[in-house]
**Student:** 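Sharing a structure below in structure tokens format, with a few things to ask.
Please read all numbers here as calculations on a predicted model, not as lab measurements. Letters A, B, ... mirror the listed sequences (proteins, then strands); counts begin at 1.
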Amino acid sequence: MYQAQNITYAIAGRPILRKVDFTARPGEVTVIVGPNGSGKTTLLKALTGEINAGGDVSINGISTKALKPYQAAALRAVLPQSSVLTFPFSVHEVVRLGLSGGVAGVSATDAERLPERALARVDMSGFGGRYYSELSGGEQQRVQLARVLCQVWEPVLDGQPRYLLLDEPISSLDVRHQLHIMDIARDYANAGGGVIAILHDLNLAAMYADSIGVMSRGGMVAQGGCQDVLSNTLIESVFGCPMQLGVVPPGNAPFVLPQSARRYA
Amino acid sequence: MTIFAMRQAMVSAPAGDRSSVARLVLFGLVALLIVAMGLSLFTGASNVSAIDAMRIWLGLVAPDDASAVRAMIIINDIRLPRMVLGVLVGAGLAVSGVVMQGMFRNPLADPGLVGVSAGAGLGAVLFIVLGGTALAPLVAIMGIYSIPLAAFGGGALTTIILYRVSTSRGQTAIATMLLAGIAIGALSGAVTGMLVYIANDAQLRDLTFWGLGSLAGANWTKILAAGPLMVAGIVVSMMLWRGLNALTLGEASAHHMGIDVQRLKNTAIGAVAACVGAAVAVSGGIGFVGIVVPHLLRILIGPDHKYLLPASAILGAAFLLFADAVSRIIVAPAELPIGIVTASVGGPFFLYILLRRRHHLAW
């Protein structure tokens, strides 16, 4: 379990996170939603230890303060919103970087082929020889995901579930690849790992999340199952616009339809 | 063998994996270095040949043969220390370039360009000029190591200042870094100038010679004094490859990937200061090795530090030995300061990089 309790963080006296509690369980996809500036990315940074926030964060019961950087890297991998590379790396070399810090959990011989497998996983087979800088934004994002997957390839290692932390993993992807990446997250959770993802698309959140955390103004206003959290009043008040919630047959997949107050008034 | 072997290696490796090519290039570079070492040992103002050297080393020289004794002195006490020094300085400067570029995430960072060499120079000049008077007690303690250690201190201090000034939240602004380098360099130059002003005649000759950069003063004492620091800096740099690789994605990502970023940066600064400080202390201001060598190698084998660091060490050593050979041959029997040779190769090369990158520079 990836758990955060009572997280507070302020920049120059201005509170960014106010006593946030958050839990992500192994075997589940946990999605964080909220409007711009609600503190989603800052919460993710607190979870990874990138910022020194007040409160307690623990992974599988171990406080992150007690974990050395390499120990934390063996338990969780992080996909940032964007990555800038300085030097002319090939796509294969970028993905291989994921092996340099983490513990993939595969044998040494398998590790050599892992970058190729990871590229295939994100539907980027055949791109290994290209220069990273020549790819489109969406392709770069998928390559970065392949790198992150390499770091914690096996979702469970020595009985310890591992976690993928994804900050807007699908923001620059086309629809097909949005679903593809969310399927990867789903599969990772189904195999026993945990996934924490920040998403802006409420429909994809509703479709894939086992648990949704809703953030607003630095606080976690609700966390729970889709049915419990995605209520008209909560979503409308957090995002500040009218929303229509419903289900689509045959699977009764939930959907969220924002409605412009101006156009349909 | 090379082209065929390279093709073979590339066929079996996954696309985009340049590590087998890098290994082949490493072998090629070792061969190049051996050639450069031979050139360094067997050419020079006096015509002592490879055959003479072999006879000396194999003990085939009669002790009463005057010309053979002279040849022995030339080989063992002049050319051999000069070659060893060239290898150490070249490797140290090239490696410190790679480490700085990795730490600043910027292919233009070079110890010479951003004032680290100037800072190291200031430390060295301080001890050359004041070593007999104000700093005499320190010299008494540190002995032959005092100038290399002073240069190390100066180099470390400038690197730390440079990093503090040009980097905020893990992002280095290229313009700030280069400008800060100019400012630090100018300040070090001004203080160095004042020290030169109060120097006596003998010190002045030392300083002038040293300032332009040269391997000519090489002897075993200098190698003993600066060698350990340089070897330590080079060895430590080699061990930073994982961290420097991770850092290319930014400090946050490096942290996520399990790198202790603060420790990595401290170690990198120490290693750079050791390499540059020791190199400056014994051979003065030899510039551009740290930018030309890594840049060429990135084109050839890619930016993976696992291979870039050792390859740069070897090519840096070979490059400096070739430059030294040119400096000795071109105006023989006199010789040109080697700094002039490296600068006349490196200056245009640096301009070329700037031209190619001018659309990508983030000002």
Side-chain angles (χ1 to χ4, degrees), chain A residues 41 44-45 47-51 67-103 112-117 119 125-133 143-144 147-148 150-152 165 167, chain B residues 10 12-22 98 101-109 169-172 174 240-264 294-295 297-308 356-357 360 362:
Chain A
T41 296
L44 206 71
K45 284 181 179 171
L47 290 175
T48 64
E50 192 183 324
I51 56 169
L67 289 172
K68 296 244 173 3
Y70 72 91
Q71 292 170 319
L75 289 174
R76 55 104 186 96
V78 187
L79 178 72
Q81 263 180 42
S82 63
S83 306
V84 183
L85 264 181
T86 322
F87 300 112
F89 281 97
S90 71
V91 167
H92 176 92
E93 288 163 341
V94 173
V95 178
R96 195 173 59 195
L97 288 177
L99 291 170
S100 61
V103 186
E112 267 181 42
R113 292 283 153 183
L114 199 52
E116 280 174 298
R117 285 171 68 192
L119 279 173
S125 288
F127 281 78
R130 297 268 295 274
Y131 279 112
Y132 176 79
S133 57
V143 170
Q144 291 294 343
R147 166 181 73 78
V148 168
C150 275
Q151 188 181 326
V152 288
L165 278 61
D167 192 352
Chain B
M10 281 152 91
S12 64
D17 183 358
R18 287 176 275 189
S19 42
S20 33
V21 176
V98 175
Q101 285 145 29
M103 184 173 75
F104 282 91
R105 305 214 289 136
N106 185 331
L108 298 180
R169 293 189 189 181
Q171 298 290 322
T172 305
I174 300 176
L240 298 178
W241 69 270
R242 272 175 203 277
L244 292 175
N245 271 351
L247 204 58
T248 55
L249 286 160
E251 288 193 17
S253 287
H255 169 81
H256 298 152
M257 288 159 75
I259 304 298
D260 187 338
V261 176
Q262 196 53 51
R263 208 177 95 188
L264 170 70
H295 200 89
L297 285 170
R298 275 194 205 97
I299 295 169
L300 212 57
I301 62 172
D304 187 339
H305 289 89
K306 185 179 178 181
Y307 305 106
L308 186 60
R356 271 192 40 171
R357 287 180 49 89
H360 307 292

**Student:** Identify which part of Ser83(A) has an atom lying under 4.5 Å from any heavy atom of chain B, answering side chain, backbone, both or neither.
**Tutor:** side chain

**Student:** Quick one: closest heavy-atom pair of Pro107(B) and Thr86(A), and the distance?
**Tutor:** CD-CG2, 3.8 Å

**Student:** Please state whether the side chain, the backbone, both or neither of Arg130(A) comes within less than 4.5 Å of a heavy atom of chain B.
**Tutor:** neither

**Student:** Answer yes or no: is there a side-chain heavy-atom contact under 4.5 Å between His256(B) and Leu165(A)?
**Tutor:** no

**Student:** Would you say that Asp17(B) contacts Arg96(A) through its side chain, given a criterion of any heavy-atom pair below 4.5 Å between the two side chains?
**Tutor:** yes

**Student:** In terms of heavy-atom pairs under 4.5 Å with chain B, which of Ala72(A), Ala77(A), Pro69(A) leads?
**Tutor:** Pro69(A)

**Student:** Is it the backbone or the side chain of Pro88(A) that comes under 4.5 Å from a heavy atom of chain B, or both, or neither?
**Tutor:** both

**Student:** Roughly how far apart are Met257(B) CE and Gln151(A) CD, rounded to 0.5 Å?
**Tutor:** 6.5 Å

**Student:** So what's closer than 4.5 Å to chain B heavy atoms on Gln71(A): side chain, backbone, both or neither?
**Tutor:** neither

**Student:** Considering non-hydrogen atoms only, spot the tightest contact between Ser90(A) and Arg18(B) and give its length.
**Tutor:** N-NH2, 3.4 Å

**Student:** Measure distances from Glu116(A) to the heavy atoms of chain B and classify the residue's part below 4.5 Å as side chain, backbone, both or neither.
**Tutor:** side chain

**Student:** Tell me, side chain or backbone of Phe127(A) under 4.5 Å from chain B's heavy atoms, or both, or neither?
**Tutor:** neither

**Student:** First locate atom CG of Asn245(B), then atom CZ of Phe87(A), and finally report the distance between them rounded to the nearest 0.5 Å.
**Tutor:** 10.0 Å

**Student:** Please report the interatomic distance CG(Leu249(B)) to CZ(Phe89(A)), rounded to the nearest 0.5 Å.
**Tutor:** 7.5 Å

**Student:** Could you state the interatomic distance from OG (Ser19(B)) to NE2 (His92(A)), rounded to the nearest 0.5 Å?
**Tutor:** 6.5 Å

**Student:** If you count heavy atoms of other groups shown closer than 6.0 angstrom to CD of Gln81(A), is the number above 12?
**Tutor:** yes

**Student:** With a 4.5 angstrom heavy-atom cut-off, could you sort out which part of Thr248(B) is near chain A: side chain, backbone, both or neither?
**Tutor:** both

**Student:** Shorter than 4.5 Å, heavy atoms on both sides: which option in Ala246(B), Ala252(B), Gly302(B) has the most such pairs with chain A?
**Tutor:** Ala252(B)

**Student:** Between Val91(A) and chain B, which part of the residue has a heavy atom less than 4.5 Å away: side chain, backbone, both or neither?
**Tutor:** neither

